[in-house]
Amino acid sequence: MSRTEPLRVANVSGYYGDRTSAGREMLDGGPVDFLTGDYLAELTMLILWKTRQRRPDEGYARTFLGQMEGVLGTCLDRGVKVVANAGGLNPAGLAHQLEEVADKLGLKPKIAYIEGDDVSEQLGQWLAEGLELRNMDSGRKLSDLESEPITANVYLGAWGIVEALRGGADVVICPRVTDASVVVGPAAWAFDWARDDWDALAGAVLAGHAIECGPQVCGGNYSFFQEIADPVRPGFPLAEIHPDGSSIITKHPGTPGQVSRGTVTAQLLYEIGSPAYLNPDVTAHFDSVTIDDLGDDRVSLSGQRGSPPPDTLKVCINYHGGFRNSYTCMLTGLDIEAKAQFAIDSVFAALGGRERYESTDVRLIRSDRPNAERNDEAMAKLIITVKDQDAEAVGRRFAAAVNGIGLAIYPGNYNEIVSPQASEYGVMWPTLVPASLVTQRIVVAGEKPIELPCTPAAASPATAPRPPAQKNVRDWASVATETAPLGVLFGARSGDKGGNANVGVWARSDEAYEWLASFLTGERLRELLPETAELRIDRYELPNLRALNFIIHGILGEGVAATTRPDAQAKSLGEFLRSRSAELPSVLLADARVPAFVGVR
């Protein structure tokens with residue numbers, strides 16, 4: 001018999017390194033049914049691989065063990081189950097370590113782990129059978145790659161988690177499942193959903209996406225942080241999921257931060273692409289959900305629609321890209337650009353020319369002010385980065401060359417210490433494989449593994465959501481305007497998607513969204529963000545969220561680990577867009593007031 005009351009799913013981690021006290025905070029703050037955590041990102045998989053080269057028995061998120069040591073007993077006493085993707089590259093190893101922790105505490109939890117995401121050994125066979133494993137961004141075939149892959153992990157879905165919970169697991173340790181799956185699995189198990197309950201599954205994906213980044217939906221990284229009474233150290237979120245998949249996003253009473261339509265909208269826009277959000281278990285249509293602010297830090301998500309998932313699964317392949325090193329020098333006072341060119345010429349003369357390296361990158365970051373009152377306010381930063389397969393060339397030889405020009409360069413020179421040790425970097429290769437080729441293995445408390453094909457059973461099709469009815473849109477061309485930053489009226493949230501970045505922009509009223517939708521075209525975005533002028537931009541409208549979403553292709557080059565952008569994950573791109581000035585309607589600006597930030601009250 002399936003559950004009828006709401007399921008309270010708490011998040012206790014948004015990334016590997018998040019606040020380790022979150023588990024205890026969520027248990028002490030009020031009733032919960034599940035603790036869930038997201039520890040993995042594309043970059044994290046590479047970090048875990050590097051860890052495993054030094055310590056072969058690891059390859060998982062070690063912080064999870066510390067969290068569990070402090071709360072496992074309480075979870076067992078209260079019947080609170082735990083689902084997390086902290087297993088990374090070695091879920092069996094983490095399960096074994098957690099068993100040892102439990103033994104020391106005198107506890108006997110039923111621990112399950114899931115495998116099957118690691119397909120590194122299948123790549124060769126798939127290529128031999130004719131799969132091209134083309135890069136989703138560049139279109140290149142994997143066979144064109146000269147480097148050998150070092151990791152290859154499929155994004156699994158929720159049904160392995162469901163199987164583990166049906167087997168009585170108290171703790172489910174997942175490998176590379178999608179971020180939302182750690183929430184979808186508990187909901188599908190609790191409400192006994194079928195694999196073709198598309199609308200309900202879509203609702204759980206929305207809830208999972210809302211809480212996956214921990215305190216971010218409670219006011220963290222929020223454009224209008226000045227409006228939050230107590231924004232410092234915000235609480236972690238809860239999703240109260242109902243049997244039909246609708247949910248209420250909230251947090252424990254009395255915890256800092258805020259859950260509002262704005263904070264939830266911002267999180268729903270985070271790192272998405274098309275409104276038809278593809279998941280291994282369902283396609284969730286983000287343009288179908290109704291969002292309602294109920295007050296008291298409670299926001300309802302309802303009316304969502306889902307449709308069948310694609311018949312492919314995404315695979316994140318990482319390969320060795322080479323070695324890199326950087327020389328960072330500070331430029332002060334007058335003639336910044338001339339000093340920068342002097343430094344560039346001096347560095348590459350000492351190195352024997354740019355052609356000595358596979359690639360070079362030069363970035364002048366201007367933070368200097370004219371006639372500054374403080375020394376540090378008159379400084380700009382020049383970063384020269386070199387990449388090559390030869391670790392010695394970008395390591396010891398690079399450091400010796402640039403350190404040898406310190407007294408023969410521009411006036412006022414000083415630079416950050418240059419390491420003689422080159423940094424190894426990886427490159428992500430996103431691709432797709434038929435879901436029918438992948439099988440999950442679920443091991444519950446050391447019992448015989450359960451094999452679960454990733455291809456869903458035959459299911460009835462779903463009807464895609466109808467587009468919203470067209471409204472009479474105001475003629476904004478004739479409205480009086482004033483020059484002001486976009487951020488006075490609009491919030492934004494941005495992040496990385498492989499070598500691409502997404503920027504979601506949202507309005508706080510229907511009227512403001514009407515203007516935004518008519519104003520902020522792809523071409524206008526290129527004008528506001530000149531560095532995107534030559535890049536492909538996809539634009540999507542989400543009127544139910546009063547939002548636009550843009551995908552900027554190639555802005556992060558070969559991805560987070562390989563890019564030379566200072567903001568490798570494009571986290572600040574949305575806030576940069578908000579700082580750009582435009583002619584905004586006076587009628588909208590009349591009510592816009594930005595309070596001063598007051599910090600903790």
Side-chain angles (χ1 to χ4, degrees), residues 15-17 39-62 85-94 114-129 131-156 174-178 313-325 358-359 385 387-395 421-433 437-438 441 496-499 556-564 568-569:
Y15 63 96
Y16 185 15
Y39 295 79
L40 303 182
E42 287 85 357
L43 180 61
T44 314
M45 304 302 282
L46 189 63
I47 293 170
L48 294 177
W49 175 81
K50 290 182 178 180
T51 300
R52 205 169 190 187
Q53 302 316 294
R54 301 189 302 271
R55 298 188 290 274
D57 292 338
E58 293 191 19
Y60 47 77
R62 287 195 57 84
N85 63 9
L89 297 176
N90 189 9
L94 180 58
I114 299 171
E115 296 178 319
D117 67 308
D118 185 349
V119 295
S120 53
E121 294 186 1
Q122 287 101 297
L123 294 180
Q125 178 184 343
W126 288 344
L127 289 171
E129 293 174 349
L131 280 183
E132 295 181 333
L133 302 177
R134 289 184 179 271
N135 187 298
M136 294 170 63
D137 297 326
S138 69
R140 292 174 58 204
K141 299 178 183 178
L142 185 64
S143 57
D144 296 335
L145 188 63
E146 295 181 1
S147 298
E148 287 294 320
I150 54 179
T151 66
N153 298 83
V154 173
Y155 289 73
L156 299 176
C174 304
R176 194 32 164 147
V177 298
T178 69
L313 296 175
K314 184 178 177 180
V315 184
C316 173
I317 298 172
N318 282 302
Y319 64 91
H320 172 73
F323 298 90
R324 65 195 292 176
N325 208 345
E358 280 186 3
S359 67
T385 302
K387 292 182 177 180
D388 203 272
Q389 294 299 315
D390 185 346
E392 183 72 14
V394 297
Q421 185 70 40
S423 297
E424 184 180 14
Y425 71 92
V427 180
M428 188 185 82
W429 183 285
T431 190
L432 299 172
V433 299
L437 296 180
V438 181
R441 292 181 297 279
D496 61 289
K497 295 182 69 64
L556 299 179
E558 294 180 297
V560 172
T563 186
T564 54
Q569 295 178 299

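From a predicted model like this one, the values you see are computed outputs, not experimental measurements.
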### Query
Taking only residues two or more places apart in sequence, or in another chain, which ones meet D390 in a salt bridge (charged side-chain N to carboxylate O under 4.0 Å, His left out)?
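With neighbours one apart ignored, the set is R397.
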#### Entry: R324: partners by salt bridge (charged side-chain N to carboxylate O under 4.0 Å, His left out), with sequence neighbours left out
none
Residue pair [X] / [Y], side-chain heavy-atom distance below 4.5 Å:
X    : Y    : value
F323 : Y425 : no
P430 : M428 : yes
V177 : D117 : no
L127 : L142 : yes
N325 : S423 : no
V315 : V119 : yes

### Task
Assess whether side-chain contact (heavy atoms from CB on, under 4.5 Å) is satisfied between I114 and L156, documenting all intermediate values.
CA-CA 10 Å; I114 299 171; L156 299 176; 4.3 Å; yes
What is the minimum heavy-atom distance between [X] and [Y], and which atoms define it?
X    : Y    : result
E558 : A562 : CB-CB, 3.9 Å
A422 : V394 : CB-CG2, 3.5 Å
G93  : Y60  : C-CE2, 3.8 Å
V438 : G116 : CG1-O, 3.8 Å
E115 : P91  : CG-CG, 4.1 Å
L43  : A561 : CD1-CB, 3.8 Å

Supply the atom-to-atom distance [X] [atom1] to [Y] [atom2], rounded to the nearest 0.5 angstrom.
X    : Y    : atom1 : atom2 : result
L145 : H320 : CG    : NE2   : 11.5 Å
S143 : L131 : OG    : CG    : 11.5 Å
W429 : S138 : CH2   : OG    : 5.0 Å
L313 : T431 : CG    : OG1   : 11.5 Å
T151 : M45  : OG1   : CE    : 6.0 Å

### Query
Among pairs that include at least one residue of residues 42-55, which meet salt bridge (charged side-chain N to carboxylate O under 4.0 Å, His left out), considering only residues two or more places apart or in two chains?
R55-E58
### Message
Strictly by salt bridge (charged side-chain N to carboxylate O under 4.0 Å, His left out), give each pair with a member in residues 132-156 just once, sequence neighbours left out.
### Response
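Applying salt bridge (charged side-chain N to carboxylate O under 4.0 Å, His left out) to every pair that reaches into residues 132-156, excluding sequence neighbours, yields E132-R134, E132-K141.
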### Query
Do we see a donor-acceptor contact under 3.5 Å between the side chains of D118 and N153?
no
Without swapping roles, check the side chain of [X] against the backbone of [Y] for a donor-acceptor pair under 3.5 Å.
X    : Y    : answer
N90  : D57  : yes
T178 : Y155 : no
Q125 : E121 : no
N318 : G426 : no
Q389 : G321 : yes
N85  : G87  : no

### Query
Can M136 and K314 be said to form a side-chain contact (heavy atoms from CB on, under 4.5 Å), step by step?
CA-CA 9 Å; M136 294 170 63; K314 184 178 177 180; 4.2 Å; yes
### Set of residues satisfying ring-ring contact (aromatic ring centres under 6.0 Å, His included) with respect to Y15, sequence neighbours excluded
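Result, ring-ring contact (aromatic ring centres under 6.0 Å, His included) vs Y15: none returned.
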### Query
Is it the case that more than 12 heavy atoms not belonging to Q421 sit under 6.0 Å from its CD atom?
no
### Task
Starting from the C-alpha separation in whole Å, work towards a yes-or-no answer on side-chain contact (heavy atoms from CB on, under 4.5 Å) for T564 and K387.
CA-CA 10 Å; T564 54; K387 292 182 177 180; 3.8 Å; yes
### Task
Go through the steps to decide whether I317 and I150 satisfy the test side-chain contact (heavy atoms from CB on, under 4.5 Å), and finish with yes or no.
CA-CA 8 Å; I317 298 172; I150 54 179; over 6 Å; no
### Task
For L48, check side chain to side chain contact (heavy atoms under 4.5 Å, CB included) against everything at least two apart and list the hits.
Y16, L40, T44, L89
